[in-house]
Amino acid sequence: MGLFDRHAGLLEAYRDVRTTGYDPFQIRMERVLSPTEAIINGKKTLLVGTNNYFGLTFDPSCMDAAIEAIRAEGTGTTGSRIANGSYSEHVALEKEIAAFYGKKHCMVFTTGYQANLGVISTLAGPDDFLLIDADSHASIYDACKMTQAEVVRFKHNDPGSLEARLRRLGDKPGNRVVVLEGIYSMLGDSAPLRAFVDVCKKHGAYVLVDEAHSLGALGEHGRGLCESTGVIDDCHFIVGTFSKTLGAIGGYCVSDDPDFDILRVTVRAYMFTASLPPSIVASVRQALRVVQARPELRTQLWANVATLYDGLKARGFTLGPEHGPVVGVHLPDRMTAIGFWRAMLDAGIYVNVAVPPATPNGVSLLRCSLCAVHTREQLEHMVEVMTGIGRQFGVLPAQPELRVAGAR
Amino acid sequence: MLVSATHEMTVANDGMIETFTRTREISRAEVIREICHHLAPYQNGDQPIVGDTVIAKDLTIDSLAIMDMVMELEDRFDVSIPMSVIAEIHTVNELADTILDLSARG
Ligand SMILES: Cc1ncc(COP(=O)(O)O)c(C=O)c1O
């Protein structure tokens with residue numbers, strides 16, 4: 001058997017995808033113009049699939065901070081914090097994130113993926129139990145492959161399903177660690193966090209929440225779902241990323257646990273990879289300040305969510321269950337999703353296409369993510385474009401329903 | 001008769017049902033019937049689903065759908081099957097035996 005033979009099924013699916021013309025997994029942004037526009041295939045394209053929720057990738061204050069840091073401290077750290085030591089900026093960033101959440105400790109990682117991978121796989125050891133939501137991100141699933149704990153999935157966003165699994169553990173010794181996400185990355189739905197926390201309290205389980213898509217978007221200060229549901233103190237570990245709202249790259253985990261710092265010498269995804277370069281740390285520190293100083297970005301983001309979500313809903317599209325910075329548009333199958341995606345790109349709009357096995361319940365989706373600096377006109381235009389393509393693909397009824405004003 | 005007894009208990013005493021369902025013996029045939037019911041939509045042509053059917057290979061079900069089916073079975077039989085154990089299960093019989101085994105250990 002050849003090395004690649006076991007991927008035969010995937011290769012075939014991938015070939016199908018490419019027959020549509022463009023390859024969604026090899027899109028080239030020839031030039032990025034702003035948080036919301038890029039040149040793709042030689043054409044100016046509206047970006048509605050980049051997780052750039054506050055549009056901070058081009059924030060002048062963040063860019064200046066990064067440039068200054070490069071001049072002062074160079075382009076990279078050339079090693080891990082264990083080997084090469086921490087720069088003062090790493091330590092300052094950790095202090096600021098901890099303070100942002102009102103938690104005692106923070107550890108910064110080189111990506112959010114590594115934060116989840118390292119923290120989750122290390123927190124739960126042999127004889128412990130990890131309970132994860134069925135729709136968890138790949139980084140959480142990969143952590144489960146590395147852990148020695150027993151891993152059980154519960155039904156997505158279903159506290160009753162979690163409770164049944166905690167109850168079944170009975171009085172078996174071992175810690176219980178429950179892993180949740182603030183906002184889920186494919187359909188933009190948020191967890192019933194308070195109900196989950198109640199169940200965890202009742203059964204003495206630790207709670208870890210990944211706020212990757214909710215940082216900035218939720219809560220009065222933008223701390224995420226843990227803030228908007230009033231349970232920060234009950235979340236033992238909060239994980240997040242710098243790669244979305246904060247417009248850079250990196251990940252973090254905060255906690256009040258007095259022994260938290262032991263993770264610095266036990267989490268391999270922290271110990272054996274180079275630390276974030278000074279420029280990134282500087283832009284993230286500034287972005288965190290912007291998030292706190294400009295709550296209007298959150299207001300604009302949600303106004304944009306409403307424009308896109310309500311617009312598509314009114315036209316008859318099937319969407320994720322609630323408003324969220326991610327709007328998932330359901331399509332009947334993989335090939336329709338890919339064809340639709342490509343037609344949108346031809347029309348100058350970039351979104352993500354998500355197909356099984358990367359999606360929950362085998363659904364095929366166009367995954368749109370909104371940005372605070374999208375204009376209303378851009379999004380209304382997008383609704384029009386999608387409605388046209390939807391009719392063309394038979395996803396929406398071919399004839400618009402005649403709504404004659406004043407009839408009868 | 002056990003099943004109808006369970007229903008009566010539900011009405012009489014909510015707290016007892018948990019103990020009761022856990023100690024109630026489930027039959028192997030019942031478990032296999034339930035598994036086959038869940039797998040029916042993934043049948044390959046008219047090849048019947050039997051105890052030796054290799055779930056991931058002989059049927060059209062993908063790995064995520066297998067895990068989702070397992071979650072349904074977990075709730076039906078009130079057991080939890082760790083992911084590492086699921087990964088080792090190949091056939092319908094093996095799945096049934098795992099459920100029975102976990103259920104007996106309750
Ligand atoms: C829920 C969730 N957690 C973690 C990550 C990983 O973040 P990063 O891009 O920083 O590796 C992502 C993003 O891909 C995500 O969606």
Side-chain angles (χ1 to χ4, degrees), chain A residues 6 8-10 13 120-121 124 126-136 138 140-158 160-172 174 176 178-179 186 203 334 354-364, chain B residues 6 10 14-24 26 31 34 38-44 54-90 95 98-106:
Chain A
R6 72 196 139 89
L10 198 57
I120 295 171
S121 66
D127 304 323
D128 290 338
F129 301 92
L130 255 180
L131 298 104
I132 68 165
D133 186 287
D135 286 6
S136 289
I140 296 167
Y141 273 102
D142 290 357
C144 292
K145 285 188 190 158
M146 287 171 53
T147 181
Q148 299 196 56
E150 209 169 282
V151 183
V152 174
R153 299 161 87 223
F154 54 87
K155 288 186 187 165
H156 175 54
N157 274 356
D158 185 342
S161 177
L162 169 64
E163 174 143 40
R165 282 153 183 75
L166 284 168
R167 171 180 56 71
R168 281 177 208 142
L169 292 177
D171 50 13
K172 280 189 200 169
R176 285 92 168 116
V178 173
V179 179
M186 286 295 159
H203 292 271
R334 182 200 308 258
V355 292
T359 51
N361 305 316
V363 297
S364 292
Chain B
T6 313
T10 319
D14 225 29
M16 276 185 72
I17 178 155
E18 282 186 15
T19 351
F20 198 72
T21 359
R22 250 187 276 159
T23 50
R24 179 173 81 86
I26 39 172
V31 177
E34 191 73 18
H38 280 283
L39 290 175
Y42 305 100
Q43 197 171 347
N44 214 340
V54 178
I55 300 171
K57 222 172 85 195
D58 298 341
L59 304 171
T60 61
I61 191 167
D62 64 35
S63 57
L64 199 59
I66 291 176
M67 293 208 292
D68 289 343
M69 171 189 72
V70 167
M71 253 183 337
E72 297 293 337
L73 293 167
E74 286 178 333
D75 290 333
R76 170 69 178 75
F77 296 109
D78 203 32
V79 294
S80 295
I81 312 178
M83 277 174 68
S84 57
V85 174
I86 299 173
E88 298 296 313
I89 295 172
H90 301 287
L95 179 54
T98 303
I99 292 172
L100 288 163
D101 182 38
L102 288 167
S103 174
R105 276 193 261 161

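Here is how names work: the chains are called A, B, and so on, in the same order as the sequence lines, proteins then strands, and each is numbered from 1. As a basis for the values below, the full set of heavy atoms in this structure was taken, side chains included, without hydrogen atoms, waters or symmetry mates.
Between chain B and the residues I132(A), V152(A), L130(A), the largest count of heavy-atom pairs under 4.5 Å involves V152(A).
Taken to the nearest 0.5 Å, the CZ atom of R153(A) stands 6.5 Å off from the CE atom of M83(B). Rounding to the nearest 0.5 Å gives a distance of 8.0 Å between CG of D135(A) and CG of L64(B). Between the CG atom of D75(B) and the CZ atom of R168(A) there is a distance of 5.0 Å, given to the nearest 0.5 Å. Rounded to the nearest 0.5 Å, atoms OG (S84(B)) and CD (Q148(A)) are 11.0 Å apart.
Neither the backbone nor the side chain of T147(A) comes within less than 4.5 Å of any heavy atom of chain B. Within the 4.5 angstrom heavy-atom criterion, atoms from both the backbone and the side chain of R165(A) approach chain B. Neither the backbone nor the side chain of D62(B) has a heavy atom closer than 4.5 Å to any heavy atom of chain A. V79(B) touches chain A through its backbone: at least one of N, CA, C or O sits under 4.5 Å from a heavy atom, while the side chain does not. Contacts of F154(A) with chain B are made by backbone atoms alone, with heavy-atom separations under 4.5 Å and no side-chain atom involved.
The environment of CG in N44(B) is crowded: more than 12 heavy-atom neighbours from other residues, nucleotides or ligands sit within 6.0 Å.
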